[in-house]
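Take a look at the structure set out below.
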Amino acid sequence: MSVSILGSRESGQNIRDTNVRAVQAVANIVKSSLGPNGLDKMLVDEIGDVVISNDGATILRSLEVQHPAAKVLVELSRLQDQEVGDGTTSVVIVAAELLKRANDLVKYKIHPTTIIAGYRLAMKESIQYIKDYLSVKTETLGKDAILNVAKTSLNSKLIGAESDHFANMIVNCVEAVGIVGPNKDVKYPIKSIKVLKCIGLSAKESVHLNGFALMTGRTAQGMPTSIKNARIACLDFNLNKFKLQMGIQVLVNDAKNLEKIRIRELEITKERIQKVLKAGANVVLVTKAIDDFALKYFVEAGAIAVRRVDKKDIRKIAKQCGAEVLITLMNNEGEEVFNESSLGSAEEVTEERLGDNDFIFIKGMKKSSSQTLILRGANEFMLDETERSVHDAICVVKRVLESKSVVVGGGAVETALSIYLDSFARTLGSKEQLAISEFAESLLVIPKTLAINAAQDACDLLAKMKMYHAASQSSSEEKKQEYKYVGLDLANGKVRNNLKAGVLEPTISKIKSLKFATEAAISILRIDDLIELAPKPEKERDGH
Ligand code: ADP
Ligand code: MG
């Protein structure tokens, strides 16, 4: 007797086929955007907002995927984005291929559990092989290695043509935020890098600035444009004319007293400002408004005041320059005071004009050295995509600077692993052998797709790559060892030593994407039943 379910149920091969189809559909969307010759996608949402992107995670996030298995893939690229920042397209393509091949094996009557065990083993072996044989320490490659990593990441993007300019900027920027930790290891908190977008000029005019930038100007013309040895006050309350709270009634009999009230209202704000200035502040950042009448006090004191600073920004500035964000001047006794200890310091605060916008730069802050990238571009879509590409590149540069290890790109790692796993599978006498062979074959989807996207002959190139990698793994000759770095030269439709050509990626990106792709494929493969409950009829839900 079967259990009756109010809804639909799909199980066994049916659900596996449905899942594979859904996952394949998602992967096919991003497939054509992989690699330096990948194309972009234009996405329009329901209110007509346009996004043009080449980034796997962004594309998938913008698609409102309904199918539960396909959602796993969307989640997968998000995870890769969060953990590594780059490689979001590759991870999805590999996961979909792994799943497709696993499903074929199930059709040949191999139990999913065996396939899962085989995939896990293959993943472990691959990671070990990358660590032992394929990764290269950056120290042996010189300073250009880091630049090349950034360039490889930028190559596939809209700003690929300017990759030299951007790579330089990004590497300088990430290197500048490095902090030496307690164990002498250097950490690169990329949160200290602020990326600002400014419409106008071309992408090449983007600049890197040593300091924190706010995209506003000073509030009055009379204020100085540059202050050295700045003492910064961060206020999270407004400096408007003082007002009594709503609902408070003051009855005035004499007209003279009314005037007095007005004057006193202005004086309260004046006193507040003077307390702040007397404590030594010469730069005052306020998250809310500053009344126009109050500006003259700052001008007289030769201080810069900036209003409507973003709360997140002011917190960051306060943390880095050693200031305190005050929500009121009131102390425990009910008096309004401003202590000098609430001030932070910076070497210089200046106002500069770039394009159509004024920027306030805070340079040389006490605790950390913030860096700012100001991106330029012809329109909003280009700027948004530039920002995403720069973010990817910043992430990979950080990864490489921290782990000091790279692998060769352009399909080299995937082909090497594929050849290795194939021979590894043959050393096993168990049922997992087939699964490992399929895993090996799945990895080739990356070089294949790269070649196809570049309008090159994928079969021919793949055969050449396989030959070189097989030669490098079967021989101990010094010259043939170099062959493990053979990857695709997409522009010329040839194979070449990509280590020499400088196509490099962080090792951690490859390792994590293998791990995540395998886990995602396994988690979908484990599903053998989909029970979808029918929504309850409206009447019952109301309970009336
Ligand atoms: P992802 O979102 O996965 O990072 P990309 O579109 O950035 O996707 O493409 C990355 C792939 O392109 C990697 O496999 C990388 O090795 C390859 N690649 C990047 N630049 C080159 C190049 N100059 N020559 C060959 N392959 C390249
Ligand atoms: Mg990339």
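All ligand and atom numbering here is 1-based and tracks the order in the structure. The residues of the chain are indexed from 1 along the displayed sequence. Quantities reported herein were computed from a predicted structural model and do not represent experimental measurements.
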Contact summary for [X] and [Y], nearest pair of heavy atoms:
{"X": "Met382", "Y": "Asn379", "result": "N-OD1, 2.9 Å"}
{"X": "Ser126", "Y": "Leu514", "result": "CB-CD1, 3.8 Å"}
{"X": "Ser153", "Y": "Asp86", "result": "OG-OD2, 3.4 Å"}
{"X": "Ala471", "Y": "Tyr483", "result": "CB-CD1, 4.1 Å"}

For residues 497-504, dump all side-chain donor-acceptor pairs below 3.5 Å to protein atoms at least two apart in sequence or in another chain.
residue : atom : partner : partner atom : Å
Asn497  : OD1  : Leu499  : N            : 2.9
Asn497  : OD1  : Lys500  : N            : 3.3
Asn498  : OD1  : Arg496  : NE           : 2.7
Asn498  : ND2  : Gly409  : O            : 3.0
Asn498  : ND2  : Leu488  : O            : 3.3

May I have every N or O pair linking ligand 1 to the protein at under 3.5 Å, one per line with atom names and distance?
residue  : atom   : partner : partner atom : Å
ligand 1 : 2 (O)  : Thr88   : N            : 3.3
ligand 1 : 2 (O)  : Thr89   : N            : 3.0
ligand 1 : 2 (O)  : Thr89   : OG1          : 2.7
ligand 1 : 3 (O)  : Thr89   : N            : 3.2
ligand 1 : 3 (O)  : Ser90   : N            : 2.9
ligand 1 : 3 (O)  : Ser90   : OG           : 2.5
ligand 1 : 4 (O)  : Asp86   : OD1          : 2.8
ligand 1 : 4 (O)  : Gly87   : N            : 3.0
ligand 1 : 6 (O)  : Ser33   : O            : 3.4
ligand 1 : 6 (O)  : Gly35   : N            : 3.0
ligand 1 : 6 (O)  : Ser156  : OG           : 3.4
ligand 1 : 7 (O)  : Ser156  : OG           : 2.8
ligand 1 : 9 (O)  : Gly35   : N            : 3.1
ligand 1 : 16 (O) : Gly410  : N            : 2.6
ligand 1 : 16 (O) : Glu505  : OE2          : 2.8
ligand 1 : 23 (N) : Asn155  : ND2          : 3.4

Applying side chain to side chain contact (heavy atoms under 4.5 Å, CB included), name anything that partners Ala70, two or more places apart in sequence or on another chain. Ala22, Val26, Val65, His67
Does Leu373 offer a backbone N or O that forms a donor-acceptor pair with the side chain of His208 under 3.5 Å? no
Taking only Lys NZ, Arg NE, NH1 and NH2, and the carboxylate oxygens of Asp or Glu, determine whether Arg376 and Glu205 approach each other closer than 4.0 Å. no
Note: Lys124-Glu432 ion pair, threshold 4.0 Å (strictly below): no
Closer than 2.8 Å to the Mg ion (ligand 2): how many protein N, O or S atoms are there? 1
